[in-house]
Number of protein chains: 2
Amino acid sequence: MDAPRWLDEREDRAWRGYRRMRRLLDLELARELMQDAGLSEPDYDVLSDLSETPDQRLRLSELADRMLWSRSRLSHHLSRMQQRGLVIREECPSDGRGSVVALTAAGRQAVEAAAPGHVAAVRRHLIDLLTAEEIEALGALTHRVVDHLAAGEQRRGRAEV
Amino acid sequence: MDAPRWLDEREDRAWRGYRRMRRLLDLELARELMQDAGLSEPDYDVLSDLSETPDQRLRLSELADRMLWSRSRLSHHLSRMQQRGLVIREECPSDGRGSVVALTAAGRQAVEAAAPGHVAAVRRHLIDLLTAEEIEALGALTHRVVDHLAAGEQRRGRAEV
DNA sequence: GCCAGGTGGTTGACATGTCATCAAAGCGGC
DNA sequence: GCCGCTTTGATGACATGTCAACCACCTGGC
């Protein structure tokens, strides 16, 4: 193994800052969301993704892919949300194996009630603290990293049989 | 409630990119760390923080604060790591309630074996994909957000009795 | 010195996420 | 049409994290 290239001071600062921010920002957003709307972040993400689709419904696998969740996780989570009346499972007309999740009226109300406050929190704790250039840079850099990771996954998918 | 200020296109791009990156980067780093070194990210963080202290040992509360973990979580996790022989609990000489966690020889070996690969992964999937300006910007922006959140916590701590 | 209240850490019950496995249904070659 | 293989989603066992309750000990006012 070659001598490892450790992180220099600036790199280390960025990396530690990123991890700290991730943790604190998550905690705070989750805290406020739960307090104000009674939803966890995963709840909100599911409802939000569903509410953005034209028909307020999605195939499970499609939703899982969008959210970068495993099918198993989604299935468990939807069962809990279904218990609470936020979503409902329907049969898929075009594929007998499949299911479709749909937003219920209560689910739609829940996202609509939660969204303004949640967006405001995201602004207050992140977006509004950044300059226009930083927002631009953050968008560029995160997408580059995401594309790189997605490409890596592709490669791995082909490689390992 | 005022009309919510939704995110504009650039803000949305940054926010979505951030969340996607967070998820994918985490998964990939955790995957490689487990595969190469048999450690989870929480394991690595504990070992890494301990190995950075002069004496390879810390009070539990001190470690919990540094890691932004609850005491409960730390206690549970240390029990598991202790089972595996990576750390050991000692009595605190100066405070009869307290405990101290110390790195074992095996624990030290584990971090030292894991570190080069992990740093390389962080470089490969994040740091080396960014320009010097982006690294600088990421460091600045994350620290600003962290400071803001920490200040908010302070305020809340005083406010709610 | 002693007691009231705070602090440090552990614990158990519960919520959530992961992994492996499974059944049911689709798909494709023959 | 049939059979093997894949895909979809559900499920159960397990790992991990959270929350509230708890004990032991410290600390400060009296």
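Proteins come first, then strands; the chains are lettered A, B, ... in the order of their sequence lines, and each starts at number 1. This is a predicted model, so every value here is computed, not measured. Just so it is clear, the values below take in all heavy atoms, side chains as well, and ignore hydrogens, waters and symmetry mates.
Separating the CZ atom of B:Arg31 from the P atom of C:dC19 is a distance of 11 Å, rounded to the nearest angstrom. Spacing between atom CD of A:Glu62 and atom P of D:dG9 amounts to 10 Å, rounded to whole angstrom units. Distance CG (A:Asp45) to P (C:dG17): 11 Å, rounded to an integer number of Å. Nucleotide C:dT16 holds its C1' atom 12 Å from the CE atom of A:Met34, rounded to whole Å. At whole-Å resolution of the value, CZ in B:Arg73 and P in C:dT10 are 16 Å apart. Between the C1' atom of D:dG9 and the CG atom of A:Asp65 lies a distance of 13 Å, rounded to the nearest Å. B:Met81 places its CE atom 16 Å from the P atom of D:dA15, with the value rounded to the nearest Å. Protein atom CZ of B:Arg71 is 16 Å distant from nucleotide atom P of D:dA20, rounded to whole Å.
Residues B:Leu78 and A:Ser70 both approach DNA chain C. Their nearest nucleotides, taken by heavy-atom distance, put B:Leu78 toward the 5′ side. With the nearest nucleotide of DNA chain C identified for both A:Asp95 and A:Arg80, A:Arg80 has the one nearer the 5' end. Nearest-nucleotide mapping onto DNA chain D: of B:His77 and A:Leu60, the residue sitting toward the 5' end is A:Leu60. Residue order along DNA chain D, read from the 5' end via each residue's closest nucleotide, puts A:Arg59 first among A:Arg59 and A:Leu27.
Side chain of B:Arg20 to backbone of B:Trp15: no donor-acceptor contact under 3.5 angstrom is found. Using modelled atom types, one side-chain atom of B:Glu134 and one backbone atom of B:Thr131 make a donor-acceptor pair closer than 3.5 Å. A donor-acceptor contact shorter than 3.5 Å links the side chain of B:Thr104 to the backbone of B:Leu86.
Between B:His125 and A:His148, the ring-plane angle classifies as tilted under the 30° and 60° cut-offs. Note: A:Tyr44 and A:His118 have tilted aromatic rings, judged against thresholds of 30 and 60 degrees for the angle between ring planes.
Looking at the side chain of A:Arg23, the nearest of the listed nucleotides D:dT18, C:dT10, D:dA10 is D:dT18. Nearest nucleotide to the side chain of B:His76, out of D:dT8, C:dA13, D:dA13: C:dA13. Listed nucleotides D:dT16, D:dA20, C:dT18 differ in distance to B:Ser72; the shortest reach to its side chain belongs to D:dA20.
Remark: the B:Arg97 side chain and the C:dT7 base include a donor-acceptor N/O pair separated by less than 3.5 Å. Checked by distance alone, A:Ser40 brings no side-chain donor or acceptor within 3.5 Å of a matching partner on the base of C:dT16.
Taking side-chain N and O atoms only, B:Arg89 has no distance below 4.0 Å to OP1 or OP2 of C:dG9. One finds no side-chain N or O of B:Ser99 lying less than 4.0 angstrom from the OP1 or OP2 phosphate oxygen of C:dG8.
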